[in-house]
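Here is the structure we will look at, set down as structure tokens.
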Amino acid sequence: METQMKAVRLPGGQQVEVIDRPIPRPKPNEVLIKVRASAICASDLSLYAGNALVGGANAGTGTITPGHEAAGDVVDIGSAVTYVKPGDRVAVHLSVGCMHCEYCRAGYIQQCPAWQCVGFDVDGGDAEYIVVPEANCLPLPDALSYESGAVLVDNFGTQYHTQKRLGVSGADVTAIIGIGPMGSAAVATAKARGAQVIALDVVEHRLALAGRLGADHVINVADGNALEQIMDLTGGRGPEISIDCSGRPDGENLALDATAKLGKVAFVGECGSVTINPSEQMIRKELDVIGAWVFPISDYYEMVRFLLRHNVTPEQTVSHRYSLDNAPEAFDQVSRRLADKVMFTFN
Ligand SMILES: [Zn+2]
Ligand SMILES: [Zn+2]
């Protein structure tokens with residue numbers, strides 16, 4: 001049996017290394033997974049630049065394998081593993097927690113005081129093998145590809161939970177601002193929930209993808225009159241729901257300005273500081289504004305049913321596929337916004 005594997009390292013300064021590492025061995029409660037698909041997330045660009053967006057002391061040191069969106073085959077299990085078995089197809093849940101605190105018990109592992117993120121704090125999926133706790137193995141039905149599994153553990157999972165909280169439905173016009181991988185997942189999810197969708201971005205290939213995913217209207221914000229166009233499309237009322245996936249101050253302000261009175265807004269795209277005018281934009285419009293971040297692991301099974309019932313294939317958002325050897329080009333594509341979702345695939 002082989003003992004070495006390839007793994008990506010991001011030492012910072014937009015450097016990408018592909019190194020040889022020993023294949024890890026599962027501890028008693030862990031499983032070893034042969035990775036079949038591992039996606040690059042916009043948040044990985046923080047590691048690429050050398051200042052980790054999330055994580056503790058290990059994150060951003062360049063000593064952790066990145067990749068928090070992975071799927072593959074279980075090939076070995078630790079001595080205390082009870083349910084997962086070799087041969088299982090699984091997607092990897094990105095949050096590792098204590099599994100005892102009130103947040104872990106409720107499925108919100110990402111809120112655990114001891115939270116660790118796969119690909120930031122512990123080795124992630126941009127490698128030929130990964131070990132994760134048994135509790136992080138999400139069974140992947142045969143009808144969903146490994147690539148779909150990798151995309152649904154972050155982008156589609158986040159959108160499933162966010163839109164459930166917002167109650168997106170066929171009664172609404174929903175505006176999606178920023179059509180990177182999170183926004184394209186938002187478009188596909190909102191269409192499956194029956195909403196009329198307005199998709200907004202400044203990049204043409206992203207707007208084209210939104211159209212292929214069923215967006216009813218696409219608006220290029222670079223034209224300079226996005227608010228006016230949204231109002232024209234909604235009879236001057238504005239969308240009942242807006243979801244900002246851009247993480248940009250102008251995108252977040254557009255969401256607040258455009259949304260109809262008594263409407264709902266979610267901020268999903270991560271950002272720095274932003275100046276808003278709560279009186280004008282929120283208070284007197286009586287908006288519900290939420291922050292939304294990943295999803296509780298307890299949503300996984302219903303999300304999979306939802307995707308299958310509505311024939312949503314998350315891999316539709318993937319535009320570029322690379323081998324690990326070509327990791328430098330893959331990260332370069334993502335950082336220059338030339339690609340939609342970028343995936344490492346394995347033979
Ligand atoms: Zn991510
Ligand atoms: Zn916990």
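Keep in mind that what you see is a predicted model, and the values were worked out from it rather than measured. Remember, it's 1-based here, ligands and their atoms both numbered in the order they're listed.
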(request) Taking the side chain as every heavy atom from C-beta outward, state whether Glu280 and Leu256 have any pair of such atoms under 4.5 Å apart. (result) no

(request) May I ask you to decide if the ring planes of His310 and Phe306 are parallel, tilted or perpendicular, using 30° and 60° as cut-offs? (result) tilted

(request) Using the test ring-ring contact (aromatic ring centres under 6.0 Å, His included), find all partners of Tyr108 that sit at least two apart in sequence or belong to another chain. (result) His161

(message) My understanding is that only residues two or more places apart in sequence, or in another chain, count here; which of them pass ring-ring contact (aromatic ring centres under 6.0 Å, His included) with Phe344?
(response) none

Verify whether one side chain among [X] and [Y] offers a donor that lies under 3.5 Å from an acceptor in the other.
X	Y	answer
Gln229	Asn225	yes
Asp126	Ser38	yes
Ser145	Glu315	yes
Arg36	Thr345	no

(request) Count, excluding waters, the protein N, O or S atoms that are closer to the Zn ion (ligand 1) than 2.8 Å. (result) 4

(request) Run through the protein N/O/S atoms less than 2.8 Å from the Zn ion (ligand 2) and write them out by chain and number. (result) Cys98 SG, Cys101 SG, Cys104 SG, Cys112 SG

(request) Might you work through the salt bridge (Lys or Arg N to Asp or Glu O under 4.0 Å) test for Arg25 and Asp76, ending with a clear yes or no? (result) CA-CA 8 Å; Arg25 317 239 346 207; Asp76 195 11; 5.8 Å; no

